[in-house]
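Taking it in order: structure first as structure tokens, then the write-up.
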There are 2 protein chains.
Amino acid sequence: MSERNDRKVTRATADLVAREANVSRIAVSRAFNPNASLKPEKRDRILKIARELNYTPDMAARSLVTRRSHLVGMIVPDVCSPWESQEIDALTTALQAEGFATLLFKVKADFSMDQTLLTYMRGFNPDSVIAFTENVEPAVLSGFLDRAVPVYIIYDDAEEFAAKRSTSLYDRLVVRQKEGIEQAVALLQGYGARRVAYLGGKRQSLANTERERIITQVLAERGMAPPVVVPGDYTYDTAYRATLDLFRVGDGADAIFASNDVAAFGAIDALRHELSLSVPGDVKVVGFDDIPQSHWKSYNLTTVRIDLADRVRALVRLILRRLKTPGADPLVETLSTRLVVRGTVG
Amino acid sequence: MSERNDRKVTRATADLVAREANVSRIAVSRAFNPNASLKPEKRDRILKIARELNYTPDMAARSLVTRRSHLVGMIVPDVCSPWESQEIDALTTALQAEGFATLLFKVKADFSMDQTLLTYMRGFNPDSVIAFTENVEPAVLSGFLDRAVPVYIIYDDAEEFAAKRSTSLYDRLVVRQKEGIEQAVALLQGYGARRVAYLGGKRQSLANTERERIITQVLAERGMAPPVVVPGDYTYDTAYRATLDLFRVGDGADAIFASNDVAAFGAIDALRHELSLSVPGDVKVVGFDDIPQSHWKSYNLTTVRIDLADRVRALVRLILRRLKTPGADPLVETLSTRLVVRGTVG
DNA sequence: TTGTACGCGTTATCAT
DNA sequence: ATGATAACGCGTACAA
């Protein structure tokens with residue numbers, strides 16, 4: 001009964017390898033744990049036989065006793081948005097190299113992070129969780145995910161924000177957007193822009209509200225009028241229509257600061273292909289993120305760059321550190337931004 | 001000792017819930033299994049207390065006994081390519097609705113699907129595996145993944161192909177590319193194209209070789225010259241450079257059939273912004289996939305569409321069926337393609 | 001409907 | 001360096 005079962009393919013277990021190699025089951029376990037002490041020659045023999053039998057330790061069984069699932073949960077609203085897909089790609093690569101697998105969860109696009117999902121997710125016991133959606137209360141998330149390390153990506157004014165959301169107890173990544181925004185506004189001003197519009201992203205997005213706040217602040221500091229704020233949602237289509245509205249119903253603008261690159265593309269296409277305006281001749285456009293598409297010749301977008309590699313490195317650093325020393329004090333990683341000048345301003 | 005441990009947060013277990021609700025641990029288990037028989041009122045009380053205690057059944061422990069991990073592995077070379085990120089998004093959404101979580105694994109871009117990854121992956125015991133990389137031998141994959149259901153996406157001439165790769169033992173999805181390609185070639189011919197170039201994708205990609213083969217075949221059937229084949233790799237930058245080569249070093253073409261939409265964008269930008277040729281005036285361009293970017297006004301690409309929703313539905317169907325009836329005969333799902341006419345031909 | 005006993009595959013503990 | 005034993009948290013057969 002326990003010797004043979006009728007499943008088509010019977011998965012090799014440590015016991016099978018042990019029997020085949022004439023060692024104890026424990027020795028097999030140790031062979032797969034580099035730290036365990038085992039006579040090298042014995043380990044080699046075991047690993048060889050394991051390979052022949054196509055044996056791999058079962059992570060589920062292992063996690064049951066080690067309390068480490070080697071799973072990292074990622075919560076995303078849209079896998080197919082260029083920025084996020086890039087980030088998922090880079091994170092998955094980096095984590096895979098460290099022995100962690102990516103567990104992907106999708107939340108509804110309206111950012112309603114329902115408890116259902118978190119409960120569901122918790123069943124998998126991820127060692128860590130990366131939340132891209134910035135509108136989750138730390139308390140909610142950490143309450144649900146015992147073993148997990150919530151990592152929050154917040155923007156500027158980190159300390160003030162942390163205090164407000166009582167998030168200072170958690171590891172977090174701070175993106176200093178102001179630097180890049182200042183450079184962008186300076187460039188726009190230098191080329192004579194007077195009436196700047198801000199093409200917003202999703203209302204609930206923290207990145208968006210912070211971008212709007214900082215742009216307003218920087219414009220004021222430079223003696224310029226406050227931005228005309230046009231609502232959007234980070235998508236091409238919405239940006240396209242919003243730009244048409246701005247110029248047909250509204251009073252237009254001589255510069256558009258978009259909340260991300262994709263929205264900038266929508267604005268550019270509306271200006272050029274429907275409003276017959278020239279970019280940057282009639283209207284200057286600046287984006288945010290610097291996704292690969294931004295250097296495509298049809299757009300050649302001037303944009304505020306967030307360095308993806310740096311960002312991913314910082315995140316992985318936070319995760320690994322928290323995993324190694326669970327009791328350590330919360331750590332803050334900081335990331336700066338800078339303007340990448342291409343052809344849509346000037 | 002087993003009553004209290006010193007971990008900061010102690011995960012609620014079925015035992016704890018049972019104690020709190022004054023029921024047996026088994027009752028808790030049953031409360032979470034809809035099929036199990038349990039007095040409704042009792043179940044409700046248990047579920048309520050479970051919610052209060054923030055309890056979720058541990059999937060790892062559960063999978064150990066049920067032999068179902070509720071994990072679906074996805075193997076991708078590039079998360080950030082538009083088509084794949086779309087597909088990952090849709091699949092994750094669909095699978096999540098069915099109670100499965102997506103486990104993401106990245107393979108090297110050169111398609112070298114190394115056994116290391118598969119071994120690593122097998123440790124997680126995914127219930128099913130979707131391989132986007134089309135160059136994995138079924139035998140290799142199935143040998144490594146006992147519990148998994150390899151799903152292969154192959155193109156046209158399914159039976160011939162199946163026989164050649166001895167893949168007929170597995171579930172598979174067949175994409176009939178010929179229909180869309182025929183429509184595209186007819187359109188090109190109708191608008192006077194005579195010299196058609198095929199801008200290739202990754203050499204190892206099965207989709208690519210099949211596309212080239214079918215285009216050649218269709219051109220012949222319509223009495224047109226064979227295509228000028230230009231090597232590429234599905235990326236914008238390579239397509240851009242390849243197009244420059246084609247017109248500066250080579251003899252040019254009056255129509256370019258790109259292996260995917262992104263490559264088509266690269267070709268269009270090279271033609272318009274560097275070679276000062278008009279699209280579609282001087283050169284007509286057709287893509288493949290119909291990603292969201294294809295309707296962006298700057299490109300407005302005529303392209304062969306593969307319906308993503310249909311494709312994902314078919315894949316999920318295959319997976320769920322195989323999970324429910326492991327012994328069932330291999331099933332073939334078929335998908336057709338059609339031309340979406342926009343502004344780059346004619 | 002409910003409870004008992006056991007096993008899933010692995011590692012930790014404590015021996016030797 | 002190695003081996004025996006006891007967990008880890010859960011589902012299932014079986015009995016009640």
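Naming convention: chains lettered A, B, ... in sequence-line order (proteins, then strands); numbering from 1 in each chain.
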Angle of first-five versus last-five pair axes in the helix from C:dT1-D:dA16 to C:dT16-D:dA1, to 10 degrees: 30°

Distance (rounded to the nearest 0.5 Å) between B:Arg51 CZ and B:Thr56 OG1: 11.0 Å

Nearest-angstrom distance from the residue atom NE2 of A:His70 to C1' of C:dT11: 12 Å

CD1 on B:Ile319 to OG on B:Ser128, rounded to 0.5 Å: 4.0 Å

Nearest listed nucleotide, side chain of B:Ser24, among D:dC10, C:dT11, C:dG3: C:dG3

Under-3.5 Å donor-acceptor pair between B:Arg25 side chain and D:dG11 base: yes

Which nucleotide in C:dC8, C:dG9, D:dG3 has an atom nearest any side-chain atom of A:Thr13: C:dG9

Audit row: B:Arg68, B:Ser63, side chain to side chain donor-acceptor pair (under 3.5 Å) steps and yes/no: CA-CA 5 Å; B:Arg68 285 250 172 293; B:Ser63 82; over 6 Å; no

Interatomic distance where CG belongs to B:Asp15 and C1' belongs to C:dT4 [whole Å]: 14 Å

Rounded distance in Å - CZ (B:Arg67) to C1' (C:dG7): 11 Å

Whole-Å distance separating the CG atom of A:Asn22 from the P atom of D:dT2: 14 Å

Nearest-neighbour nucleotide for the A:Thr66 side chain, C:dA12, D:dG11, C:dT10 considered: C:dA12

Check: A:Tyr120 ring centre within less than 6.0 Å of B:Phe100 ring centre: no

B:Arg62 CZ - C:dG7 P separation (whole Å): 22 Å

Pair A:Phe124 and B:Phe124, ring centroids less than 6.0 Å apart: no

Within residues 28-45 of chain A: residues closer than 4.0 Å to DNA chain D (heavy atoms): A:Arg30, A:Ser37, A:Leu38, A:Lys39, A:Lys42

B:Leu16 CG to D:dG9 C1', straight-line distance once rounded to whole Å: 13 Å

Rounded interatomic separation in angstrom, taking CG from B:Asp58 and C1' from C:dG9: 14 Å

For A:Glu333, the option from A:Arg311, A:Arg317, A:Arg313 that meets side chain to side chain contact (heavy atoms under 4.5 Å, CB included): A:Arg317

Check ion pair A:Arg45-A:Glu41 (N to O, under 4.0 angstrom): no

Member of B:Leu91, B:Ile88, B:Asp89, B:Leu103 meeting the side chain to side chain contact (heavy atoms under 4.5 Å, CB included) criterion with A:Leu104: B:Ile88

Gap separating the CZ atom of A:Arg25 from the CG atom of A:Asp15, nearest 0.5 angstrom: 4.5 Å

Between P of C:dC6 and CG of B:Leu64, the distance in whole Å: 18 Å

